[in-house]
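When a ligand or atom number is given, it counts from 1 through the structure's own listing order. Note that the coordinates shown come from a computational prediction; the quantities given were computed from them, not determined experimentally.
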Amino acid sequence: MKKGMNAVRTYVITGGTDGIGKGLGLHFLTRGDRVITAGSTPAKGEALRAEAERLGAADRFRFLRADLSTLNGMRSVVAEVEATTERLDGLVFATQRFRPRREETPDGLEYTFALSYLSRFVIGHGLAGRLDQGHAPVVFNLAGPGGLPGRIHWDDPQLHHGYTGKNAAMQASRCNDLLGVDFPQRHPGTRIRYVLYNPLFVKTSLADPLPQPQRAVTKTMAWLLAQRVDKAIPPMVDHIDHPPAAQVTAFRRRTPIPLTGKDFDPDAADRLHELTLKLLAER
Ligand SMILES: NC(=O)c1ccc[n+]([C@@H]2O[C@H](COP(=O)([O-])OP(=O)(O)OC[C@H]3O[C@@H](n4cnc5c(N)ncnc54)[C@H](OP(=O)(O)O)[C@@H]3O)[C@@H](O)[C@H]2O)c1
């Protein structure tokens, strides 16, 4: 059971219907907490509801169907959570879907930018008020901090030119690093702790959207080298249950990553914030 807490905690998990997000959700439900899960596939939501029922947790589980690559989907999650929840203890970001070819969302945004970065921006800032009512509130952003290659294409953030799925994924990771360092600046006096977390290689559904033969290769590599979800989760739960004292932190599994260098540059974070507000204002 929970250490040092007596109230039921409430968590929102985007991308909580599969892989790491699902593993965290089931962990929280098993120990008696409340979980609101957002994902785009109804069948996965129903399967998770059935698991919650088996755990006797059906009344503590809610599935929100939302396509989080769309602004409507992002805003619907914020609105639903605000309408039904006074207090949030944790917000976990775990959406991903690799796109080998450039795709545009109905809002005219590049898919990975929208799903992997913008949904975290909109939902994180949108639910900050509810989080500030929480016990020891934390935003736990699963991305790729810690020296992976990739950069933000400031002159072409929607990647109209020279798109590769890897560039898009890496750009989203760099955007999330800056989103994390910037977060407390936008919420002065907040109690929220923002944790950027790189789980390294975990056996999930991450390879499913890849074209062949990369899918088969990645699945084989995962089978050989990746950590199982149940093994990957304990350090994440520790960070969520006992958020670090610093307002923003980054980890590669349990190893802290210093918030120095260009990936965490406050001026770049400010620039990205302004660029993002402009994109949102135009839509
Ligand atoms: N696994 C790894 O090795 C690894 C390594 C580094 C970082 N990470 C990070 O860890 C997080 C979790 O990854 P994972 O490997 O567990 O992923 P996963 O198994 O592929 O699950 C991805 C989740 O994202 C949701 N999702 C995808 N597209 C969506 C959309 N348009 N709208 C709403 N939800 C959507 C999926 O739900 P639906 O299908 O229901 O939409 C699913 O719940 C990601 O942020 C990833 O970048 C993972």
Side-chain angles (χ1 to χ4, degrees), residues 12-27 35-49 63-77 80 91-99 103-107 109-120 122-124 139-148 150 165-166 168-177 179-180 195-210 215 218-219 221-233 235-236 250-253 257:
V12 168
I13 307 179
T14 70
T17 54
D18 213 336
I20 295 169
K22 177 181 172 184
L24 282 170
L26 288 171
H27 179 90
V35 173
I36 304 169
T37 285
S40 69
T41 311
K44 289 189 191 176
E46 287 315 311
L48 193 50
R49 190 190 309 284
F63 170 60
L64 300 180
R65 183 190 179 186
D67 179 351
L68 293 177
S69 70
T70 68
L71 288 171
N72 272 347
M74 301 169 203
R75 289 169 177 154
S76 76
V77 168
E80 280 287 324
L91 174 55
V92 176
F93 292 131
T95 50
Q96 71 157 7
R97 185 161 291 152
F98 188 81
R99 283 295 178 245
E103 280 178 35
E104 245 177 43
T105 69
D107 307 301
L109 296 168
E110 187 277 313
Y111 185 92
T112 299
F113 181 92
L115 176 68
S116 295
Y117 163 64
L118 194 60
S119 73
R120 285 150 159 92
V122 170
I123 296 171
V139 175
F140 191 76
N141 188 346
L142 280 145
L148 285 172
K166 187 174 168 214
M170 292 296 106
Q171 168 169 268
S173 266
R174 300 290 71 77
C175 288
N176 278 306
D177 291 344
L179 173 63
V195 180
L196 294 157
Y197 188 86
N198 184 346
L200 300 179
F201 200 11
V202 184
K203 222 173 285 177
T204 65
S205 301
L206 93 161
D208 289 356
L210 293 174
R215 191 188 319 154
T218 307
K219 280 187 186 264
M221 299 244 305
W223 186 76
L224 289 169
L225 302 171
Q227 221 177 12
R228 285 197 338 237
V229 169
D230 61 316
K231 300 276 183 218
I233 279 194
M236 304 186 205
F251 295 89
R252 201 181 301 110
R253 292 199 180 151
I257 299 168

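Listed by first and then second residue, the salt bridge (Lys or Arg N to Asp or Glu O under 4.0 Å) pairs involving residues 13-25 are D18-K44, K22-E51 (not counting sequence neighbours).
At least one heavy atom of L200 sits closer than 4.0 Å to an atom of ligand 1. Residue-ligand proximity: A143 is placed with a non-hydrogen atom under 4.0 Å from ligand 1. The shortest heavy-atom distance from Y111 to ligand 1 is under 4.0 Å. Heavy atoms of G144 stay at 4.0 angstrom or farther from ligand 1.
Here the side chain of T204 pairs no donor or acceptor atom with the backbone of G19 at under 3.5 angstrom.
Contact annotation for R252 and ligand 1: no heavy atom of the residue comes within less than 4.0 Å of the ligand. Of all the heavy atoms of Q96, the ones lying under 4.0 Å from any atom of ligand 1 are found in both the backbone and the side chain.
Using a 4.0 Å cut-off to heavy atoms of K44, the atoms of ligand 1 that qualify are 38 (P), 39 (O), 40 (O). For ligand 1 and A66, the ligand atoms under 4.0 Å from any heavy atom of the residue are 32 (N), 33 (C).
Contact of the S76 side chain with the L64 side chain is not registered, since no non-hydrogen atoms from C-beta on lie closer than 4.5 Å.
Considering each of T41, D18, V202, N198, the one bringing a non-hydrogen atom nearest atom 2 (C) of ligand 1 is V202. Closest heavy-atom approach to atom 30 (C) of ligand 1 among the candidates V229, L115, T218: L115. Between atom 23 (C) of ligand 1 and the options G19, P209, A94, the minimum heavy-atom separation is to A94.
Annotation: cation-pi geometry satisfied between R99 and Y111 (NZ/CZ under 6.0 angstrom from ring centroid, within 45° of ring axis).
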